[in-house]
Amino acid sequence: MSANDRIMGVDVGGTGVKAAIVDVRNGTLASEWAKLDTPQPSTPDAVTGVIQQLMKQLKWNGPIGVGFPGLVKGGSVRRAPNLDPSWIGVDLVNTFQKELGVPLVAAGNDADAAGMAEIRFGAGKGIKGNVMMVTLGTGIGTAVFLNGQLVPDTELGHIELRGKDAERSAANSAKERKGWSWKKWGKNVNRYLSTLEFLMGVDLFIIGGGVSKKADKFFPHLKDVTCKVVPATMGNQAGVVGAALFALDALDGAKKKR
Ligand code: BGC
């Protein structure tokens, strides 16, 4: 294994920050799995501190890829609905690089990260057509792939369903907040996914987030979805593995420019 085969992936979420060192050749973990609660308030300084702790735990000071729960454009945060509002406008990549003191930081949307991992190593490997990864967590993240190619930065977790942001009824956090049964929540997910299928012409949905482990509880309620729906095969690890791929792609891009 060469030095560049190992990259630390960090998945920043609304409730937890997860990390591991990833063997980017095959998408497996090359270290223990580390997780800390997302600090409250989840300000840039506090989240940076948590990543520092995770680096210490994993004894890491090499390149880092970060999956972020919001829209990141040109390295800067445009929106982050489930984190402290002080993130807006922060140059995430330069801030992390300076504060963490590592050779490279690459960052992107958390659902794009999870989707990339599933497309390269998991449920979406080799699948042609329009594949959509949907992560049902604190928020709803989406990643669209056309013949394996990512169409980045989609924010389809915020389409309107019955006059409200879809996240309010179909995210896993909505189920927990309202104490809904699998059936009641499953019907909301059904409405959400069938609307996306209709609007986007989806061929395959890959469902991620921690709740994807319980697919048998809510997939039976997805009655109006006519395309195939599968749980993420990499489960909750997809976000961390995909985050590492952001850094791998940045390193590869830099090599090509040389
Ligand atoms: C954000 C997305 C993110 C998703 C999952 C949504 O609220 O707008 O960018 O991917 O939550 O974290």
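None of the values given here were measured: they were computed from a predicted structure. Remember, it's 1-based here, ligands and their atoms both numbered in the order they're listed.
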If you round to the nearest 0.5 Å, how far is [atom2] of [Y] from [atom1] of [X]?
X: Asp249; Y: Met116; atom1: CG; atom2: CE; value: 5.0 Å
X: Trp33; Y: Leu58; atom1: CH2; atom2: CG; value: 10.5 Å
X: Glu155; Y: Asn109; atom1: CD; atom2: CG; value: 6.0 Å

Check the angle between the aromatic planes of Phe96 and Trp87 and answer parallel, tilted or perpendicular using the 30° and 60° thresholds.
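Aromatic pair Phe96/Trp87 classed perpendicular.
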For Gly70 and ligand 1, answer yes if some heavy atom of the residue is under 4.0 Å from a ligand atom, otherwise no.
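True for this residue.
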Does ligand 1 have an atom under 4.0 Å from some heavy atom of Pro81?
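Yes, Pro81 has heavy atoms under 4.0 Å from ligand 1.
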For atom CZ of Arg79, is the number of surrounding heavy atoms from other residues, nucleotides or ligands below 6.0 Å larger than 12?
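Enclosed.
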Of His158, Glu167, Glu155, which has the heavy atom at the shortest distance from atom 11 (O) of ligand 1?
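The nearest heavy atom belongs to Glu167.
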Proximity of [X] to ligand 1 by residue part, where a heavy atom lies under 4.0 Å:
X: Thr138; result: neither
X: Pro69; result: both
X: Thr142; result: neither

Any atoms of ligand 1 less than 4.0 Å from a non-hydrogen atom of [X]? List them with their elements.
X: Asn109; value: 2 (C), 3 (C), 9 (O), 10 (O)
X: Arg79; value: 8 (O)
X: Asn82; value: 7 (O), 11 (O)
X: Gly141; value: 4 (C), 5 (C), 10 (O)

Specify the protein heavy atom at minimum distance from atom 4 (C) of ligand 1: its residue, its atom name, and the distance to 0.1 Å.
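Looking at atom 4 (C) of ligand 1, the protein heavy atom closest to it is Ile140 O, 3.3 Å.
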For atom 3 (C) of ligand 1, which protein heavy atom lies nearest, and how many Å away is it?
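Scanning the protein heavy atoms, the shortest distance from atom 3 (C) of ligand 1 goes to Asp110 OD1, 3.3 Å.
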Check Leu156, Leu204, Ile206 against Met132 for a side chain to side chain contact (heavy atoms under 4.5 Å, CB included) and give me the one that passes.
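Going through Leu156, Leu204, Ile206 one by one, the side chain to side chain contact (heavy atoms under 4.5 Å, CB included) with Met132 is satisfied by Leu156 alone.
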Of the options Val22, Asp11, Asp23, which is the one that meets Val241 in a side chain to side chain contact (heavy atoms under 4.5 Å, CB included)?
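The single option meeting the side chain to side chain contact (heavy atoms under 4.5 Å, CB included) with Val241 is Val22.
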Just by distance, no angles: are the side chains of Ser86 and Thr43 close enough, under 3.5 Å, to form a donor-acceptor pair?
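No, no side-chain donor-acceptor contact under 3.5 Å.
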